[in-house]
Structures are given as C-alpha cells and as structure tokens.
Amino acid sequence: MIKQNSNFFEKVYILVKRIPEGKVMTYGQIADILGTKDARKVGWSLHGNQDPKVPCHRVVNKEGKVALNYSMGDWREQKRKLLEEGVAFIDEMYVDLKKYLWQMR
DNA sequence: AGAGTGACTCATA
DNA sequence: CTATGAGCCACTC
C-alpha cells in the first residue's frame with residue numbers, strides 16, 4: 001500500500017480533477033504547477049490512485065502517449081474513455097497534444 | 001544512511 | 001527509430 005499522506009498526493013488529485021472533458025495534461029506540466037521538477041512523482045501518485053473521481057485517463061506523458069500502467073485497467077481502457085470525450089488519437093497510443101493539451105491560465 | 005524502484009523528461013549518440 | 005546516462009524526489013527495505 002502506498003502512503004498517500006503526502007501533500008503532493010492531494011495536489012495531484014485537485015489538479016487532475018480540474019481537467020475539463022476533452023482535454024489532457026502531461027506529467028511534466030503537473031509537476032511544474034505543483035512546484036516540483038519530478039514528473040515521476042506525479043505518475044507514482046496517480047498509480048496509487050483508485051479514486052474514480054480523479055480522471056487519470058486525461059494524464060499522458062509529454063509525447064501525448066497514454067500510460068501502460070493505467071490504474072483502472074489497460075491503456076486500451078484509457079484510450080476508449082478519451083475517445084468518448086472527444087480526444088482524437090494521432091496514433092495507436094498518442095493523443096493530439098496540439099489540440100487537447102490543457103494549460104492553466 | 002544507502003540502495004533499489006518508478007504511470008517521467010532531457011540530452012547524446 | 002533505439003539505447004544510455006543523468007536528474008528528479010518519495011517510498012520501501
């Protein structure tokens with residue numbers, strides 16, 4: 001069991017929950033907003049996540065590639081959800097970041 | 001304290 | 001395209 005007492009964990013939750021439908025975010029982007037340089041920690045936090053309220057399927061790496069270790073199932077499941085929200089894939093595992101990357105204003 | 005691990009990213013070759 | 005090495009930081013043993 002992963003220790004989720006850290007403040008970082010909550011921040012990741014809050015931020016990911018704010019991602020609107022049809023948008024995605026990268027690990028590096030989240031890490032930067034949370035004041036860290038470590039994108040691994042973001043992925044690690046989401047890996048320990050099992051809360052269905054957190055749309056972790058909207059979080060992808062910097063190339064727009066989906067994660068292979070998706071908590072709710074396979075990466076295929078993640079892809080399916082994104083497609084239903086209107087996020088187009090430019091390849092089998094890559095989303096179009098140019099159009100769907102969500103940036104805070 | 002030290003070593004290993006990890007849903008990442010960047011630079012180099 | 002692949003392969004390494006490094007940086008990053010929390011966790012476990």
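Here is how names work: the chains are called A, B, and so on, in the same order as the sequence lines, proteins then strands, and each is numbered from 1. Worth knowing before you read on, the calculation uses all heavy atoms, side chains too, and leaves out hydrogens, waters and symmetry mates. The model shown is predicted, which means the values in this text are computed figures rather than measured ones.
Separating the CG atom of D32(A) from the C1' atom of dC9(C) is a distance of 15 Å, rounded to the nearest angstrom. If you take OH of Y70(A) and C1' of dC8(B), they are 19 Å apart, rounded to a whole angstrom. If you measure from atom NZ of K65(A) to atom P of dT9(B), you get 10 Å, rounded to the nearest angstrom. Distance, L34(A) CG to dC8(B) C1': 14 Å, rounded to whole Å. We find that OH of Y94(A) is positioned 13 Å from C1' of dC8(B), with the value rounded to whole Å. Spacing between atom CD of Q50(A) and atom P of dA7(B) amounts to 15 Å, rounded to whole angstrom units. Rounded to whole Å, atom P of dA7(B) lies 21 Å from atom NZ of K79(A). Taking atom CD of E63(A) as the reference point, atom P of dC1(C) lies 7 Å away to the nearest angstrom.
Cluster membership for Y70(A) and V60(A), using ILVMFWY side-chain heavy atoms within less than 4.5 angstrom, is not shared.
Of the listed nucleotides (dA7(B), dT9(B), dA10(C)), dA10(C) has the atom at the smallest distance from the side chain of W44(A). Comparing dC11(C), dC9(C), dT9(B) by their nearest atom to the side chain of K62(A) picks out dT9(B). Of the candidates dC9(C), dA7(B), dC8(B), the closest approach to any side-chain atom of A39(A) belongs to dC8(B). Counting only heavy atoms from C-beta on, L46(A) has its side chain closest to dA7(B) among dC9(C), dT9(B), dA7(B). In the set dC9(C), dC10(B), dA7(B), the nucleotide with an atom closest to the side chain of T36(A) is dC9(C). Which of dC8(B), dC9(C), dA7(B) sits closest to the side chain of D38(A) comes down to dC9(C).
Both cation-pi conditions hold for K79(A) and F89(A): the charged atom is under 6.0 angstrom from the six-membered ring centre and inside a 45 degree cone around its axis.
Y27(A) contributes a side-chain N or O that forms a donor-acceptor pair with the base of dA7(B) under 3.5 Å. For dA10(C), its base never sits under 3.5 Å from the side chain of S45(A) at any donor and acceptor pair.
Side chains of Y13(A) and N49(A): a donor on one and an acceptor on the other come within 3.5 Å. Between H57(A) and E85(A), the side chains place a donor N or O and an acceptor N or O closer than 3.5 Å (distance only, hydrogens not considered).
Remark: K37(A) is not in phosphate contact with dC9(C), judged by side-chain N or O atoms under 4.0 Å from OP1 or OP2.
With respect to R80(A) and E77(A), a salt bridge is recorded, a charged nitrogen being found less than 4.0 Å from a carboxylate O.
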